[in-house]
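Computed from a predicted structure; not experimentally measured. The first residue of the sequence shown is numbered 1, and numbering continues consecutively from there.
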Amino acid sequence: MFSGSDGYVLKPAALRAGGSGKLSTGRQKRLKLHVGGATHVPTPEDYATDEMKPYVTCTLIHPDDHDGKPPKRKTSAYKQHKLAFMHKGPNPPVTEPIWDETLEWDYEENEMVFLRILIKSDDSWARNPMFAVAAVRLSYVAKGWSFIRMLDLKGRETHCSLLVKFDVDDVA
């Protein structure tokens, strides 16, 4: 939210003096996030990239979520195919994964809804290591395709970008 800024964002109008204090509108929304792929996924120096199986996991953070279990969705793990007949054209490296998957959530509209995005690896018999992170405020997203600049786990910018398409519509 503060990336590329001086660290100041004005409160939503409902939380400022004279505001209603109510952020939720009561309207139901549907978020469809099409995850295309990523570039330059950062990996620790001691990590063997040939065993890396990156995937994207997203958590919808809503201020009215009182049970502490925000809804998560994830892509399948990207694996390079070793057999030539499994794919057409060049096989992208694991640090340049392609997913082409859509993740979906229904939620109540609210100015303070965020989507936390992590790029992790689906490692066998181990904790799935995290490589990059981003947080997106849904009231700021533009419909269509966007590149999201991913940060490392210490909040520093990386060369990693995630190609996603946001579609936010009313639930009928």
TODO: Applying side chain to side chain contact (heavy atoms under 4.5 Å, CB included), run through Gln28 and Glu108 and close with a yes or a no.
DONE: CA-CA 5 Å; Gln28 290 295 310; Glu108 184 177 355; 3.7 Å; yes
Open item on the list: Once rounded to the nearest 0.5 Å, what's the spacing between atom CD of Glu96 and atom OG1 of Thr39?
Closed with: 5.5 Å
Open item on the list: Does any part of the side chain of Leu115, heavy atoms only, come nearer than 4.5 Å to the side chain of Val141, both counted from C-beta?
Closed with: no
Task: Euclidean distance, Leu33 CG relative to Glu101 CD, rounded to 0.5 Å - done: 11.0 Å
Task: Residue pair Ile119 / Val41: nearest heavy atoms and the distance that separates them - done: CG2-CG1, 4.0 Å
Open item on the list: Return the NZ to OG1 distance between Lys72 and Thr57, rounded to the nearest 0.5 Å.
Closed with: 6.0 Å
Open item on the list: Return the NE2 to CZ distance between His40 and Phe131, rounded to the nearest 0.5 Å.
Closed with: 16.0 Å
TODO: Determine the minimum heavy-atom distance between Arg149 and Thr158, stating which atoms define it.
DONE: NH1-O, 3.0 Å
Open item on the list: If you define the side chain from C-beta out and look only at heavy atoms, does anything of Ser121 sit under 4.5 Å from Asn128?
Closed with: no
- [ ] For Tyr78 and Pro93, work out which heavy atoms get closest and say how close.
- [x] CE2-O, 3.8 Å
- [ ] Could you check if a side-chain atom of His34 sits within less than 4.5 angstrom of a side-chain atom of Asp100, using non-hydrogen atoms only?
- [x] yes
Open item on the list: Under a 3.5 Å threshold, yes or no: a donor from one side chain and an acceptor from the other, between Asp123 and Tyr47?
Closed with: yes
TODO: Spell out, as yes or no, whether a donor-acceptor pair under 3.5 Å connects the side chain of Thr25 to the backbone of Arg27.
DONE: yes
Task: Nearest heavy-atom neighbours spanning Met150 and Ala132 - done: CB-CB, 3.7 Å
Open item on the list: Looking at every heavy atom in both Ala13 and Glu111, which two are closest together, and how far apart are they?
Closed with: N-OE2, 4.4 Å
TODO: Indicate yes or no: at least one non-hydrogen side-chain atom of Val136 is less than 4.5 angstrom from one of Ile148.
DONE: yes
Open item on the list: Going by the rule ring pair (Phe, Tyr, Trp, His ring centres under 6.0 Å), which residues pair with Phe147 if we only count those two or more places apart in sequence or in a different chain?
Closed with: none
- [ ] Taking only Lys NZ, Arg NE, NH1 and NH2, and the carboxylate oxygens of Asp or Glu, determine whether Arg73 and Glu104 approach each other closer than 4.0 Å.
- [x] no
Task: Point-to-point distance, once rounded to the nearest 0.5 Å, from NZ of Lys74 to CG of Leu118 - done: 12.0 Å
TODO: Decide side chain to side chain contact (heavy atoms under 4.5 Å, CB included) for Asn110 and Leu138; before the verdict, give the C-alpha distance in whole Å, the side-chain angles of both, and the deciding distance to 0.1 Å.
DONE: CA-CA 9 Å; Asn110 186 308; Leu138 291 185; over 6 Å; no
- [ ] To the nearest 0.5 angstrom, please state how far the CE atom of Met112 sits from the CG atom of Leu15.
- [x] 7.5 Å
Open item on the list: Is any side-chain heavy atom of Val113 closer than 4.5 Å to one of Ile61?
Closed with: no
Open item on the list: Please find the pair of heavy atoms, one from Trp105 and one from Pro71, that lie closest to each other, and give the distance.
Closed with: NE1-O, 3.3 Å
Would you list the atom pairs, donor with acceptor, under 3.5 Å between side chains in residues 161-172 and any protein atom, with sequence neighbours excluded?
residue	atom	partner	partner atom	Å
Asp169	OD1	Lys143	NZ	2.8
Asp170	OD1	Lys29	NZ	2.7

Task: Non-hydrogen side-chain atoms of Val35 and Thr102 separated by less than 4.5 Å - done: no
